[in-house]
Amino acid sequence: MPSFEVRTPQCVYQAIVERGIIDRLHEFIPAKAGSVFVVTTQDVWQHQGARAEKALADVPHRVLYLPGGEENKRLAPLEALAEQMVRAGGDRSSIVIAFGGGIVNDMGGFLAAMFMRGIPVVQVPTTLLAQVDAAVGGKTGVNLVAGKNLIGAFHQPQAVLIDPGVLDTLPSREYRAGLFEVIKCGVIRSPRLFELLEHRVHDVLRLTHDAVDELISESVRIKAEVVSADEKEGGLRRILNFGHTVGHALEAETAYSRFLHGEAVAFGMKAATRIAELNGILSRADRKQICDLVNRYGPIPPLHGIRAENLLGRLIHDKKTLRGKVHFVLPERIGEVRVVTGVDDDTILSAIRAELL
Ligand SMILES: NC(=O)c1ccc[n+]([C@@H]2O[C@H](COP(=O)([O-])OP(=O)(O)OC[C@H]3O[C@@H](n4cnc5c(N)ncnc54)[C@H](O)[C@@H]3O)[C@@H](O)[C@H]2O)c1
Ligand SMILES: [Zn+2]
C-alpha cells in the first residue's frame, strides 16, 4: 500500500494509506516514548475504538475524550485535557495519538503542540475529509468567537496513518462531503483522479475498496506534494483553497449550521468555476464538466434564502479584516488552476447568482 513522504523544514514523515494499518498502531509509537495519550471523542471511539484498543493491548495508554462538534472546537477543552495529562504523569516524553475526524486532528495536534511546549503527535484520521486533507500538513488549531481556526500552530505529525476501512461506519453525508474535497484535488492537480471520480461514481459511493483506496491515495499524494513544496501557505499551498473563498462565505452566512464544510466547498467550486469561465480563462465545456461532476456527488442542502449580495459582502468584509485581497483559485483546465486577485464584484455576483438558481 502506498506511503507518501511529506518533507518540511521542521521534519520528514510518512502519510501511509493502508487497510488495516490501525491494527499496527503500536508499531508507530517510538520505544522511547513515555505516556501514550489517545485523544478522540466518545462517538468515534464507539465506532472505531475496539481495533485501536486491540492494537494497543500491550502499550500502556490512556484515552482522553474531547466533546466533539465545531462549537466545541475551542481552547477550553484542551486545557482540561492537558490537566488530565499532567495528573496522569504526562511529561516531555509523552506522545499524543489524535484519533478521529478533522476536529480531533486539529485539536489533538494543537494539544500536542502546546503540551510542555511540544510533544509528538501521530495522526489517525477517521473521516474522509480528515484523511485527504486535515491530518496531513501540520496545521492545527481551534476556533475563537471571532472566527474559525484563529489560534493554532504548525505542528507536523510523526506519521499519518490512513485506514480506508474506518469509512465503513462514517455517516454517508459526511462521506460525500469529503468527496467534494477529493473532487477539488482532481480539479487542481490530477486529471487522473477527476476521471476516476467520473467513471466510477457508483463504486465510489458504494465504498468499493479499490476505488476508495485509489481516490484517497491520489488525494494524499497531492496534499503531501503541495505541503512539501510550501509548508506555510506562501505560494503553492494556496491552490488547496479552490472553492474555499465563496465556500467560507457560505458557511459563515449560514452560521456553520446548514452546510458541512465539504458541501460549502462544493458550492464554492461551482461559483469559482463560473468566474473562471466569465473571465475567459476556462472553456464552457470544461466548466460544465466540473460542475456536472460536483452535482453527481450531490445534492447539497437547498440554498433557498441565501442572497448573492450577502455572500459578496462577506468576501469584502474578510478582505478588510485580513487587510488583503480576495484570492480566487480559478481552474484553467481540469488539473490546472491559477490564483487570481482583483476579480470584479459584478463578475463574482453574477457567478454566485447563476449557481444559486
Ligand atoms: N488542518 C487542516 O489542514 C484542515 C483541513 C480541512 C479541515 N480541517 C478541519 O476539520 C474539521 C472538520 O472535520 P470533519 O469533517 O472530519 O468533521 P468531524 O471531525 O466533526 O467529524 C464528523 C463526524 O463524523 C464522526 N466520525 C468520525 N469518524 C467516524 C467514523 N469512522 N465512523 C463514524 N463516525 C465518525 C464524528 O464523530 C463527527 O460526528 C473542521 O474543524 C476543519 O476546520 C482542518
Ligand atoms: Zn476544505
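Just so you know, these numbers come straight off a predicted model, no measurement behind them. For ligands, and for the atoms within them, numbers begin at 1 and follow the listed sequence. All residue numbers refer to positions in the sequence shown, counting from 1.
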| task | Show your reasoning for whether side-chain hydrogen bond (donor to acceptor under 3.5 Å, both in side chains) applies to Ser190 and Glu218. | result | CA-CA 8 Å; Ser190 175; Glu218 183 63 3; 2.8 Å; yes
| field | is_close_aromatic(His261, His244), centroid dist under 6.0 Å | value | yes
| message | Can you work out which protein residues put a heavy atom within less than 4.0 Å of ligand 1? | response | Asp43, Val44, His47, Gln48, Glu70, Lys73, Gly101, Gly102, Ile103, Asp106, Thr126, Thr127, Leu129, Asp133, Ala134, Lys139, Lys148, Asn149, Val166, Thr169, Leu170, Pro171, Glu174, Lys223
| said: Counting only heavy atoms from other residues, nucleotides and ligands, does the tally under 6.0 Å from CZ of Arg287 exceed 12? | reply: yes
| Carboxylate-amine/guanidinium contact Lys223 Asp133, below 4.0 Å | yes
| query | Is the closest basic N to carboxylate O distance between Glu309 and Arg353 below 4.0 Å? | reply | yes
| task | Would you list the protein N, O or S atoms within less than 2.8 Å of the Zn ion (ligand 2), leaving out water? | result | Glu181 OE2, His244 NE2, His261 NE2
| query | Any chance the side chains of Gln10 and His155 put a donor and an acceptor closer than 3.5 Å? | reply | no
| request: Say whether Glu181 and Ser219, considering side chains only, have a donor N or O and an acceptor N or O under 3.5 Å apart. | output: no
| remark: Arg7 meets the salt bridge (charged side-chain N to carboxylate O under 4.0 Å, His left out) criterion, sequence neighbours left out, with Glu5
| task | Taking side chain to side chain donor-acceptor pair (under 3.5 Å) as the test, write out the residues that go with His26, two or more places apart. | result | none
